[in-house]
Amino acid sequence: MQDSFDRMVDTAGRMADAAVKTTASLVNKGRDKAEQVALQAKLAKLHRQLGALVYALHKSGEENDEMVQWYIREMDSVHRKLADLQQPPAEEEIIVATPAAKGAEDDGDAMFRGGDGEQLP
């Protein structure tokens, strides 16, 4: 009976560990998505500003290649950061114990069947 209890505690511990890993993974994905949205907003702003600059320079007949190049470098930097965020994360192995199906053999010390919790004779 103690052996069955120890196995249940061990299984519960593994399931809790898997839940913690899954939660951490979801938090990381949410953080990455929020960062992507912020970077996309920054990129859109840079595009608008560069467009306004080019328009103003063209209308005035002036040139400011240094400023245009600065915007291009900033956009490239944001594109690189977005590409880094879109890299698939390393696969994490999550092992979850699944209960035995009805009719499966149970340990001789078990009091209940693993799959459906039915009490054993």
Side-chain angles (χ1 to χ4, degrees):
M1 176 114 104
Q2 182 64 33
D3 192 38
S4 294
F5 180 75
D6 290 342
R7 281 195 317 270
M8 286 186 350
V9 168
D10 182 53
T11 300
R14 284 185 280 141
M15 291 176 76
D17 288 344
V20 167
K21 287 179 183 178
T22 301
T23 302
S25 177
L26 289 172
V27 167
N28 289 336
K29 286 178 184 178
R31 184 193 65 237
D32 288 350
K33 189 63 176 173
E35 190 173 348
Q36 281 179 337
V37 168
L39 287 169
Q40 289 168 343
K42 181 177 181 177
L43 188 59
K45 183 178 179 180
L46 288 168
H47 278 270
R48 287 191 310 272
Q49 291 173 337
L50 178 59
L53 173 65
V54 169
Y55 177 79
L57 290 172
H58 180 73
K59 289 299 269 183
S60 69
E62 297 176 30
E63 290 185 20
N64 191 341
D65 194 52
E66 186 178 322
M67 181 73 80
V68 171
Q69 290 302 318
W70 180 87
Y71 275 102
I72 292 171
R73 284 191 304 275
E74 285 297 306
M75 287 179 194
D76 287 345
S77 172
V78 172
H79 279 290
R80 281 191 301 276
K81 289 176 185 175
L82 281 169
D84 288 345
L85 284 174
Q86 292 171 351
Q87 293 294 327
E91 289 292 320
E92 294 180 20
E93 184 179 348
I94 298 176
I95 300 172
V96 178
T98 56
K102 186 171 183 168
E105 289 187 30
D106 287 297
D107 185 340
D109 293 336
M111 295 173 41
F112 299 93
R113 185 174 14 251
D116 57 9
E118 185 176 318
Q119 187 166 7
L120 296 171

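Note that this is a predicted model, so its numbers are computed, not measured.
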Measuring from [X]:[atom1] to [Y]:[atom2], what's the distance to the nearest 0.5 Å?
{"X": "H79", "Y": "Q40", "atom1": "NE2", "atom2": "CD", "answer": "10.0 Å"}
{"X": "K42", "Y": "E74", "atom1": "NZ", "atom2": "CD", "answer": "5.5 Å"}
{"X": "M15", "Y": "T11", "atom1": "CE", "atom2": "OG1", "answer": "8.0 Å"}
{"X": "N64", "Y": "Q69", "atom1": "CG", "atom2": "CD", "answer": "10.5 Å"}
{"X": "L57", "Y": "K59", "atom1": "CG", "atom2": "NZ", "answer": "13.0 Å"}
{"X": "L46", "Y": "R73", "atom1": "CG", "atom2": "CZ", "answer": "12.0 Å"}

Smallest separation among heavy atoms of L39 and K81, with atom names
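Looks like CD1-CB, 3.7 Å.
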Checking R31 now: which residues fulfil side-chain contact (heavy atoms from CB on, under 4.5 Å) with it, not counting sequence neighbours?
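If we apply the side-chain contact (heavy atoms from CB on, under 4.5 Å) test to R31, skipping adjacent residues, the hits are N28.
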Do T22 side-chain atoms and A18 backbone N/O form a donor-acceptor pair below 3.5 Å?
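Pair found, side chain donor or acceptor close to backbone of A18.
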Is the shortest side-chain heavy-atom distance between D6 and D10 below 4.5 Å?
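Contact flag for D6/D10 side chains = no.
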Before accepting this row, confirm whether a basic side-chain N of the pair D3/R7 lies closer than 4.0 Å to the acidic partner's carboxylate O.
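Yes, charged N to carboxylate O under 4.0 Å.
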D32: which of V37, V27, L85 passes side-chain contact (heavy atoms from CB on, under 4.5 Å):
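Of the listed options, the one satisfying the test is L85.
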Counting only heavy atoms not in Q86, do more than 12 sit closer than 6.0 Å to its CD atom?
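It does: Q86 CD has more than 12 such atoms within range.
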